[in-house]
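Worth saying up front: this structure is predicted, and the values here are computed from it rather than measured.
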Amino acid sequence: AATVVASSDSTAAAALSAEAKKKADEAAKRKADTAKARAKHVADIAEDTRIVSTGTYAEGVAHRASQFLQRPGREAGMAIMLIGMFLIGTWFIRSGVVANPAAHLPLFRKRAMFGIPFGVGLGLLGSTIAMSHTPGTADNGFMLATSMLMLGSLPASLGYASMVILMLHSASWMAKVSVLAPFGRMALTNYLMQTVVCAMFFYGWGLGNWGMGRAAQLAFALALVAVQIVVSHLWLQRFRYGPLEWLWRAATYMKLPEMRIDRAPLGGDGVAGVSRNAAPRLSQSAELARRRRRRRRSRNRGDAIAVCR
């Protein structure tokens, strides 16, 4: 009996030892994989920094292409989100909300009142869970925080847009936000222009200002936006659309839209500063207004004569 008990104890001890060794091997493997992932992350950052600070344009394009191919799942997920955003925009257009925002101000008030606090609050709540991630580690908290931030972005962005619309229809000084209207009408052109200008300003194949401090970056960005606002005003005084907006419209409707704003000369049949096509309509409207004024004067004279009698 003693021999049987001793044999059982030795078997259990061997099993425990094997289990402990297995766990120790798994822990060592996880540690090695984490160290390898961290080393790769550091190397990737160093390669990114080298290419953007001192690399050629061809190196930059090849590097971005390789990164795109390495993460198809992430890019596919982003594409699905963008399609959803396009569908929301389509609803805003087809429902008539964008065409007549003044008639839907209560809707915009609700979106601003609830969308901004909810969206921003969700992002702030996620930041209390995690704000960074250590490469090579399974960080569920960071994934949850990122999901909360992305989920809150939609109501927050709708709230911001609603707030701008409410400002435009305000009778206070806030209506001066309309100065940004030309900048928004050329959104695609200005967005891609920012990409080109910043790439030429910061990247090594351009002026090589990579590594500039955050305060200087902010000043550069504000100066660029200010210049674009002025350029947008000047451009739309002469043209109907921004350059890329014109191309997008042409591709959408499969015909070349009219680009330049034709202006009638002073003293001509048209009105100065107004397109020739609109001049006849304005002339007809002016004639109708004159006729209405004559009828009102005639009625007033008739009323006065009746009173005198």
Side-chain angles (χ1 to χ4, degrees), residues 71 73-133 139-195 198 214 217-218 221-222 224-226 228-229 232-233 236 241-242 244-245 248-249 252:
R71 49 190 187 190
R74 176 180 174 181
E75 304 301 338
M78 184 62 67
I80 293 173
M81 291 178 56
L82 292 177
I83 292 173
M85 297 294 287
F86 272 109
L87 291 176
I88 292 175
T90 301
W91 177 85
F92 271 99
I93 295 295
R94 294 187 175 180
S95 64
V97 173
V98 174
N100 189 13
H104 299 85
L105 292 182
L107 175 65
F108 291 117
R109 289 192 187 95
K110 291 179 182 178
R111 284 200 166 91
M113 187 181 303
F114 297 105
I116 295 176
F118 178 76
V120 174
L122 200 61
L124 292 175
L125 182 61
S127 67
T128 63
I129 299 174
M131 295 184 63
S132 61
H133 172 63
D139 195 341
N140 294 329
F142 177 76
M143 296 300 295
L144 175 61
T146 303
S147 300
M148 294 174 66
L149 176 63
M150 298 181 70
L151 184 62
S153 297
L154 177 58
S157 61
L158 291 175
Y160 292 143
S162 300
M163 184 173 64
V164 171
I165 292 173
L166 293 173
M167 292 171 67
L168 286 171
H169 288 82
S170 171
S172 67
W173 60 268
M174 291 188 293
K176 293 184 181 297
V177 74
S178 60
V179 72
L180 301 176
F183 181 68
R185 287 177 57 192
M186 294 176 56
L188 180 60
T189 297
N190 285 319
Y191 171 71
L192 294 180
M193 185 188 299
Q194 289 173 3
T195 302
C198 289
R214 292 299 178 92
Q217 290 180 36
L218 178 60
L222 292 176
L224 177 57
V225 169
Q228 288 185 313
I229 292 174
S232 298
H233 276 268
L236 291 177
Y241 314 102
L244 294 178
E245 286 76 16
W248 188 274
R249 196 176 185 88
T252 300

>> Taking CZ in Phe92 as the centre, count heavy atoms belonging to other residues, nucleotides or ligands within less than 6.0 Å. Is the count above 12?
In response: yes

>> Within this structure, what is the CD1-CG distance for the pair Ile88 and Leu158, rounded to the nearest 0.5 Å?
In response: 6.0 Å

> Looking at CG of Leu166 and CZ of Arg111, how far apart are the two atoms once the value is rounded to the nearest 0.5 Å?
Replying inline: 11.5 Å

>> Could you report the tightest heavy-atom contact between Leu236 and Met186, atom names first, then the distance?
In response: CG-SD, 4.0 Å

> Can you name the closest pair of heavy atoms from Asn190 and Gln228 and give their distance?
Replying inline: O-NE2, 3.0 Å

>> With a 6.0 Å cut-off (strictly less than), is the heavy-atom count around CE of Met174, excluding the residue itself, greater than 12?
In response: yes

> Looking only at heavy atoms, what is the nearest atom pair of Met85 and Ser157, with distance?
Replying inline: CE-OG, 4.5 Å

> What is the minimum heavy-atom distance between Ala112 and Met163, and which atoms define it?
Replying inline: CB-N, 4.2 Å

> So, for Cys198 and Leu224, which heavy atoms are closest and what is the spacing to 0.1 Å?
Replying inline: SG-CD2, 4.1 Å

> Around Trp248, counting heavy atoms of other residues, nucleotides and ligands shown, do more than 12 lie under 6.0 Å from its CH2?
Replying inline: no

> Atom OG1 in Thr128, atom CE in Met148: separation rounded to 0.5 Å?
Replying inline: 6.5 Å

>> Working to the nearest 0.5 angstrom, can you tell me the gap between Ile83 CD1 and Thr90 OG1?
In response: 11.5 Å

>> Using every non-hydrogen atom in the two residues, find where Leu149 and Gly123 come nearest and quote the distance to one decimal.
In response: CD1-CA, 4.1 Å

>> Are more than 12 heavy atoms, taken from residues, nucleotides or ligands other than Met150, located less than 6.0 Å from that residue's CE atom?
In response: no

> Under 3.5 Å, is there a donor-acceptor pair between the side chain of His104 and the main chain of Val98?
Replying inline: no

>> Test your reading of the model: is there a side-chain donor-acceptor pair from Thr189 to the backbone of Leu244, 3.5 Å cut-off?
In response: yes

> Rounded to the nearest 0.5 Å, how far apart are CG of Leu180 and OG of Ser232?
Replying inline: 10.0 Å

> If you measure from CD1 on Ile165 to OH on Tyr160, what distance do you get to the nearest 0.5 Å?
Replying inline: 15.5 Å

